[in-house]
S.K.: 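After the structure tokens below, expect a handful of questions from me.
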Amino acid sequence: MAKEKLLLLDGNSLAYRAFFALPLLANESGIHTNAVYGFTTMLQKILEEEKPTKMLVAFDAGKTTFRHETFDEYKGGRQKTPPELSEQFPYLRKLIDAYQIKRYEKELYEADDIIGTLAKQAENKDMEVIIVSGDKDLTQLATEQVSVYITRKGMTDIEKYTPSHIEEKYGLTPKQIIDMKGLMGDPSDNIPGVPGVGEKTAIKLLKEYGSVEALYEQIDGMKKSKMKEKLEANEEQAKMSKKLATIFTDAPIDISLEDLDYPGPNEEEVLQVWQELSFKSLIEKSDFQVEEKVTAELDFEIVQEVTPDMLKDAMAVHVEIENEHYHTCQILGVGFSDGQANFFVSIDTLSNNETLKNWLEDDSKKKYMSDSKAAQAILNRINIDLRGVEFDMLLASYIVNPAISGDDVATLASEFGYRDVQANETIYGKGAKWTVPNENVLAEHVARKAFAIWTLQPVLEEKLRENEQFDLYYDLELPLATILGKMESEGIKVNIETLEKMGVELEEKITSLEKEIYELAGETFNINSPKQLGVILFEKLGLPVIKKTKTGYSTAADVLERLQTEHTIVKYILDYRQLAKLKSTYIEGLIKEVHREDSKVHTRFQQALTATGRLSSTDPNLQNIPIRLEEGRKIRQAFVPSNEDWVLFAADYSQIELRVLAHMSNDENLVDAFNQGMDIHTRTAMDVFHVSEDEVTSNMRRAAKAVNFGIVYGISDYGLSQNLDITRKEAGEFIDKYLQSFPGVKEYMDNIVQDAKLKGYVTTILNRRRYLPDITNRNFNLRSFAERTAMNTPIQGSAADIIKKAMIDMDAKLKEEGLKSKLLLQVHDELIFEAPRDEIEILERIVPEVMENAIELKVPLKVDFSYGSTWYDAK
DNA sequence: AGCATCACG
DNA sequence: ACGTACGTGATGCTT
């Protein structure tokens with residue numbers, strides 16, 4: 001049998017070391033992870049290098065140890081363990097268990113003593129022993145068979161203390177390390193030692209006398225000196241210090257070497273812990289295998305004929321679709337679960353079964369789903385009008401924590417500890433290899449999803465109630481999903497010919513700009529390549545370099561604007577960029593998205609994506625159609641009503657974010673400004689520059705507007721200086737003046753950051769949450785970013801709450817009034833409807849009314865509106 | 001797949 | 001001293 005190799009880890013010391021060596025990382029739910037991360041990387045490395053047969057991680061048991069009997073101030077004056085570290089210990093223990101490594105602690109003893117005792121026992125049995133710690137005290141345990149590894153900064157860097165290494169480094173034997181500490185003391189453990197004796201003196205004395213005891217036996221012979229006096233005066237203290245520093249090797253532990261066999265990690269469990277802590281790089285790097293087999297058995301059936309008795313009053317339903325493009329892709333089948341029976345129906349059965357259709361359309365039959373909007377939209381395409389959605393796992397998870405990423409059932413379920421659903425990739429493969437498996441495999445997969453949703457429904461609802469977020473979820477997001485689904489399915493009509501005509505005109509202008517650019521550059525090159533463009537501008541033409549990117553010269557618009565006076569080519573490039581963008585993204589890109597059968601685009605509003613609670617829009621993104629520049633704005637001429645003689649009607653909130661800020665900060669001045677109905681930027685300029693209304697110049701208003709933006713974004717002097725192209729000092733002065741004029745805003749901003757530090761998250765008016773793990777980060781940039789986010793998210797997020805509520809109220813109002821007008825789009829602070837001309841008058845009345853009263857604030861909400869025969873004309 | 005750029009609120 | 005304004009998505013280029 002090969003020689004046994006025992007690895008003994010000093011848990012507390014390593015965790016402390018890692019905690020202070022690494023930046024204060026945290027995963028997306030706000031749990032700090034740096035100590036566990038550092039411990040893990042160290043562990044991985046050492047396991048690979050040493051391949052131990054036995055292992056143990058020792059921990060300190062509590063505050064008092066037997067050493068306190070000797071000296072009650074032992075380890076006195078120590079700073080309390082930071083809470084960011086304490087919270088990591090449970091995860092550390094979980095991780096060690098997942099590795100299947102024994103852990104041990106013993107009342108009254110420190111980890112050192114456990115390690116010392118076991119090391120001695122192992123040595124007696126002729127085992128090789130390796131001790132790993134962050135604490136050099138342990139080096140006293142080194143012998144020919146016992147090596148002590150001490151981590152250096154970075155955790156994976158290790159210094160190996162063998163007796164010969166110690167001899168080389170200090171000229172001492174390992175045992176003399178104890179004497180050294182007796183003489184020099186150890187401030188971190190509050191061991192006094194002999195005052196005035198440091199490492200150098202201690203080593204010198206020990207080389208001469210050998211040990212503390214020997215020194216004092218021969219001290220009479222020492223020639224008279226200050227040093228001698230000090231040593232004589234502190235004899236007791238030196239001997240006590242040595243005793244304190246001595247690691248016990250006969251601790252009465254009730255664990256033996258036989259218990260320490262190390263079988264290797266349970267890879268799946270380790271991966272689970274890593275997942276929980278978001279150790280993405282470790283997951284990627286490791287060759288740990290996730291057991292693909294799903295552990296729990298699940299009974300399921302493939303049902304050909306759905307009968308009424310199979311469909312209960314409440315069931316989990318999962319509509320499995322090919323991919324995320326639910327407006328164009330196909331249904332693969334539907335899974336059902338009521339916790340007892342689980343079954344699957346194929347798309348054919350679904351399309352031809354009246355019983356099933358009726359059940360799905362019955363509002364009184366409760367459906368528990370995940371991404372019900374996708375199901376609603378795709379079922380709508382086969383003329384099934386999904387109703388009665390009572391639970392949506394995607395939305396529930398998003399409300400619990402908007403940082404949870406991924407929208408498939410397997411990913412979401414595993415976020416909440418349910419792991420018996422396989423990843424879609426496992427079932428279908430990915431990329432070119434994507435394929436639908438045989439029906440049995442498919443049916444089980446889909447049935448499992450339904451069962452997972454059924455299982456997690458009470459878990460998530462409980463979590464929502466615990467967070468006081470149930471209303472936000474149930475009364476806001478869930479009904480909104482239905483409305484968004486209708487908007488998406490309705491779509492907005494696009495006149496392709498208009499776009500094509502614009503495309504031709506753009507093409508001509510682009511070609512002529514290209515010619516000019518090549519002429520001025522003296523050669524042809526790819527203007528779209530920042531790399532090639534950089535070479536032309538900054539090397540060939542020698543323009544001054546203002547800004548650099550990671551990869552080379554920056555050619556961004558703000559840089560080019562400053563270079564316009566340097567060379568005529570720059571303006572051409574700016575124009576080229578503008579037109580090329582319009583053509584590729586908004587002409588060609590948009591045309592690709594138009595559905596041929598109805599000449600409409602059907603965007604998908606992502607309802608569970610943004611960190612703040614806003615929606616986002618994809619395929620196509622209809623929330624960033626040009627408007628600021630006239631050339632781009634014309635794109636909006638291609639968006640038209642779906643019926644002859646209808647109009648597009650647009651209504652937007654005026655200054656909603658600043659009004660939200662007025663409400664939340666309750667700043668007297670800001671509230672007053674809005675109550676008086678003033679132009680807020682003019683009013684800000686009056687206060688900041690101390691002038692009367694008619695003295696406000698356009699430049700003053702412009703500056704005030706920038707400051708207002710800055711306030712909303714979480715002000716920084718640097719950001720404002722960049723925006724206004726002024727010095728940081730000037731920007732700082734602006735901010736100070738602003739905060740003097742609006743002291744309530746300052747107080748609010750200070751409080752929100754404080755509050756975020758305390759709770760780890762910020763909230764909106766409707767109690768939407770965003771966790772900010774970096775708010776206590778030691779890294780200035782990360783912390784500052786989190787602080788600005790703490791200021792911005794309640795504002796942006798509350799504005800999102802308000803318009804979402806308005807959409808729900810508006811939907812009800814249109815129904816109540818029996819109108820044909822339809823809500824089509826939401827663009828963060830505006831709603832776009834299409835309407836028959838004879839309903840315009842009613843909309844002019846009810847749309848502002850409903851939007852302005854969506855949520856009552858301390859200041860009025862104001863809505864502007866307009867309409868026209870194209871989106872462009874609704875201005 | 002990541003980066004730079006630019007469109008929107 | 002640090003170095004960025006907040007939130008998104010699409011495109012084209014480069015690796």
Side-chain angles (χ1 to χ4, degrees), chain A residues 402 431 525-534 547-561 573-574 576-590 592-593 603-606 609-629 631-633 635-636 652-657 660-661 706-724 728 731 735 762 770 772 777-797 799-800 803 825-831:
Chain A
F525 64 101
N526 187 344
I527 310 169
N528 288 321
S529 160
K531 197 176 162 191
Q532 293 182 38
L533 180 61
K547 202 164 74 176
K548 285 198 155 190
T549 66
K550 265 182 221 162
T551 48
Y553 311 110
S554 169
T555 64
D558 61 323
V559 172
L560 296 188
E561 268 157 32
I573 290 166
L574 281 166
Y576 173 90
R577 280 254 181 92
Q578 191 202 337
L579 301 184
K581 177 84 177 180
L582 288 177
K583 184 154 182 280
S584 70
T585 305
Y586 296 104
I587 302 287
E588 288 158 359
L590 203 51
K592 280 191 208 126
E593 294 292 341
T603 187
R604 295 193 320 279
F605 288 108
Q606 307 294 328
L609 185 146
T610 70
T612 56
R614 275 189 175 181
L615 302 176
S616 85
S617 160
T618 55
D619 302 313
N621 179 355
L622 295 181
Q623 292 181 320
N624 73 345
I625 302 300
I627 190 167
R628 291 174 190 170
L629 300 173
E631 298 94 311
R633 190 174 198 157
I635 298 286
R636 294 178 174 228
D652 68 290
Y653 283 109
S654 159
Q655 306 297 349
I656 189 169
E657 292 188 333
V660 165
L661 174 62
V707 174
N708 278 328
F709 266 97
I711 292 292
V712 168
Y713 291 157
I715 197 93
S716 78
D717 51 6
Y718 184 85
L720 182 65
S721 73
Q722 289 294 297
N723 191 289
L724 280 176
R728 230 168 96 176
I735 294 166
V762 290
R770 179 178 186 179
L772 298 171
N777 201 305
R778 282 169 178 67
N779 178 309
F780 176 88
N781 285 325
L782 292 177
R783 188 178 64 249
S784 300
F785 185 47
E787 286 170 358
R788 292 196 298 275
T789 311
M791 298 187 245
N792 170 265
T793 294
I795 299 173
Q796 192 183 117
I803 195 164
L825 300 176
Q826 186 250 46
V827 190
H828 310 308
D829 66 353
E830 66 175 324
L831 298 178

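Because only heavy atoms are used, hydrogens play no part in the values below, and waters and symmetry mates are left out as well, while side chains stay in. Quick note on labels: first sequence line is chain A, next is B, and so on, each numbered from 1.
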S.K.: Side chains of A:Leu622 and A:Val827: does their closest heavy-atom pair fall under 4.5 Å?
M.R.: no
S.K.: Does A:Thr793 reach a base, just sugar-phosphate, or nothing at all? Heavy atoms under 4.0 Å.
M.R.: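 Nothing, no heavy atom under 4.0 Å.
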S.K.: If only side-chain N and O atoms of A:Ser554 are considered, is one of them under 4.0 Å from the OP1 or OP2 phosphate oxygen of B:dT5?
M.R.: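 So the side chain of A:Ser554 is within the cut-off, an N or O lying under 4.0 Å from OP1 or OP2 of B:dT5.
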S.K.: How is A:Ser616 classified with respect to the nucleic acid when contacts are heavy atoms under 4.0 Å: base, sugar-phosphate, or nothing?
M.R.: sugar-phosphate
S.K.: May I ask you to say what A:Ala557 touches in the nucleic acid, namely base, sugar-phosphate or nothing, with a heavy-atom cut-off under 4.0 Å?
M.R.: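 The residue A:Ala557 makes sugar-phosphate contact but no base contact.
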S.K.: In whole Å, what separates the P atom of B:dT5 from that of C:dT4?
M.R.: 14 Å
S.K.: Below 4.0 angstrom, which residues in residues 617-629 of chain A have at least one non-hydrogen atom near DNA chain B?
M.R.: A:Gln623, A:Asn624, A:Ile625, A:Pro626, A:Ile627, A:Arg628
S.K.: Mind checking what makes side chain to side chain contact (heavy atoms under 4.5 Å, CB included) contact with A:Thr610, not counting sequence neighbours?
M.R.: A:Tyr398, A:Thr612, A:Arg614, A:Ser616
S.K.: Just by distance, do the side chain of A:Asn792 and the backbone of A:Val712 share a donor-acceptor pair under 3.5 Å?
M.R.: yes
S.K.: Is it the case that the side chain of A:Arg788 and the backbone of A:Tyr713 share a donor-acceptor pair, with hydrogens and angles ignored and the cut-off at 3.5 Å?
M.R.: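 Looks like no, no N/O pair under 3.5 Å.
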S.K.: Does A:Thr551 have a side-chain nitrogen or oxygen under 4.0 Å from the phosphate oxygens OP1 or OP2 of B:dC3?
M.R.: no
S.K.: If every non-hydrogen atom of A:Pro626 is compared with every non-hydrogen atom of A:Leu582, which pair is closest and at what distance?
M.R.: CG-CD2, 3.8 Å
S.K.: For atom P, what is the distance between B:dC3 and C:dA5, given to the nearest Å?
M.R.: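 Nearest-Å result for B:dC3 against C:dA5 at atom P: 16 Å.
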S.K.: CD of A:Gln532 versus P of B:dT5: gap in Å, rounded?
M.R.: 14 Å
S.K.: If you take all heavy atoms of A:Glu830 and A:Asp652, which pair is closest and at what distance?
M.R.: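 Closest approach of A:Glu830 to A:Asp652: CB-CB, 3.4 Å.
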S.K.: Please report the distance, rounded to the nearest Å, between CG in A:Leu579 and C1' in B:dT5.
M.R.: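 Value for this atom pair: 15 Å.
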S.K.: For A:Arg770, answer base if it contacts any base atom (sugar-phosphate contacts may also be present), sugar-phosphate if it contacts only those atoms, and nothing otherwise; contact means non-hydrogen atoms under 4.0 Å.
M.R.: sugar-phosphate
S.K.: Which heavy atom of A:Ala580 sits nearest to which heavy atom of A:Asn528, and what is that distance?
M.R.: CB-OD1, 4.4 Å
S.K.: For the pair made of CG in A:Leu560 and P in B:dT5, what is the distance, rounded to whole Å?
M.R.: 9 Å
S.K.: Across the strands shown, which category fits A:Gln796 at heavy-atom distances under 4.0 angstrom: base, sugar-phosphate, nothing?
M.R.: base
S.K.: Tell me what A:Ala611 touches on the nucleic acid: a base, only sugar-phosphate, or nothing, going by heavy atoms under 4.0 Å.
M.R.: sugar-phosphate
S.K.: Hey, does A:Asn528 reach any base, or is it just sugar-phosphate, or nothing, if we go heavy atoms under 4.0 Å?
M.R.: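 If one applies the 4.0 Å heavy-atom cut-off, A:Asn528 turns out to touch the sugar-phosphate alone, with no base involved.
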S.K.: For DNA chain C, whose closest nucleotide is more 5', that of A:His828 or that of A:Ser784?
M.R.: A:Ser784
S.K.: Remember a base hit wins even if backbone is also touched, and classify A:Val827 as base, sugar-phosphate or nothing at under 4.0 Å, heavy atoms.
M.R.: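 Touches sugar-phosphate only.
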S.K.: Within this structure, what is the CD-to-C1' distance between A:Gln578 and B:dT5, rounded to whole angstrom?
M.R.: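 Value for this atom pair: 14 Å.
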S.K.: When you look for runs of 3 or more Watson-Crick or G-U pairs in a row, both distances below 3.5 Å, which of them include DNA chain C?
M.R.: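 Output for stems: B:1-9 with C:6-14.
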S.K.: Could you tell me the separation between the CG atom of A:Asn526 and the P atom of B:dA4, rounded to a whole number of Å?
M.R.: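 Taking CG of A:Asn526 and P of B:dA4, I get 17 Å after rounding.
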S.K.: Sequence neighbours excluded, which residues qualify as side-chain hydrogen bond (donor to acceptor under 3.5 Å, both in side chains) partners of A:Glu588?
M.R.: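 Counting only residues at least two positions away or on another chain, A:Glu588 forms a side-chain hydrogen bond (donor to acceptor under 3.5 Å, both in side chains) with A:Lys583.
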S.K.: NA contact type, A:Glu657, heavy-atom cut-off 4.0 Å: base, sugar-phosphate, or nothing?
M.R.: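 No contact at all - A:Glu657 keeps every heavy atom at 4.0 Å or more from the nucleic acid.
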S.K.: What nucleic acid atoms does A:Gly714 come within less than 4.0 Å of, heavy atoms only: base, sugar-phosphate, or nothing?
M.R.: nothing
S.K.: Does A:Arg577 have a side-chain nitrogen or oxygen under 4.0 Å from the phosphate oxygens OP1 or OP2 of B:dC6?
M.R.: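 Answer is yes, contact under 4.0 Å.
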S.K.: Using a 4.0 Å heavy-atom cut-off across all strands, classify A:Leu615 as base, sugar-phosphate, or nothing.
M.R.: nothing
S.K.: Distance check needed: B:dT5 P versus A:Tyr576 OH, whole Å only.
M.R.: 15 Å
S.K.: Would you check if there is a donor-acceptor pair between the side chains of A:Arg770 and A:Thr793 at a distance under 3.5 Å?
M.R.: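 Short answer, yes.
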S.K.: Can you give the first and last nucleotides of DNA chain C, 5' to 3', that have an atom under 4.0 Å from a heavy atom of chain A?
M.R.: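 Using the under 4.0 Å cut-off, the span is C:dC2 to C:dT15.
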S.K.: In whole Å, what is the span from the CG atom of A:Leu825 to the C1' atom of B:dA7?
M.R.: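 A:Leu825 atom CG is separated from B:dA7 atom C1' by 16 Å.
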S.K.: Does A:Phe605 have any side chain to side chain contact (heavy atoms under 4.5 Å, CB included) partners at least two apart in sequence or in another chain, and if so, which?
M.R.: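 For A:Phe605, the residues satisfying side chain to side chain contact (heavy atoms under 4.5 Å, CB included) (neighbours in sequence not counted) are A:Leu484, A:Met487, A:Glu488, A:Thr603, A:Leu615, A:Ser617, A:Gln623, A:Leu825.
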S.K.: By the 4.0 Å heavy-atom rule, please label A:Asn779 as base, sugar-phosphate, or nothing.
M.R.: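 It contacts nothing in the nucleic acid.
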S.K.: Could you check whether any side-chain N or O of A:Thr618 sits under 3.5 Å from a backbone N or O of A:Asn621, counting only pairs where one atom can act as donor and the other as acceptor?
M.R.: no
S.K.: Determine the contact category for A:Ala786: base if any of its heavy atoms lies under 4.0 Å from a base atom, sugar-phosphate if only primed atoms, P, OP1 or OP2 are that close, otherwise nothing.
M.R.: nothing
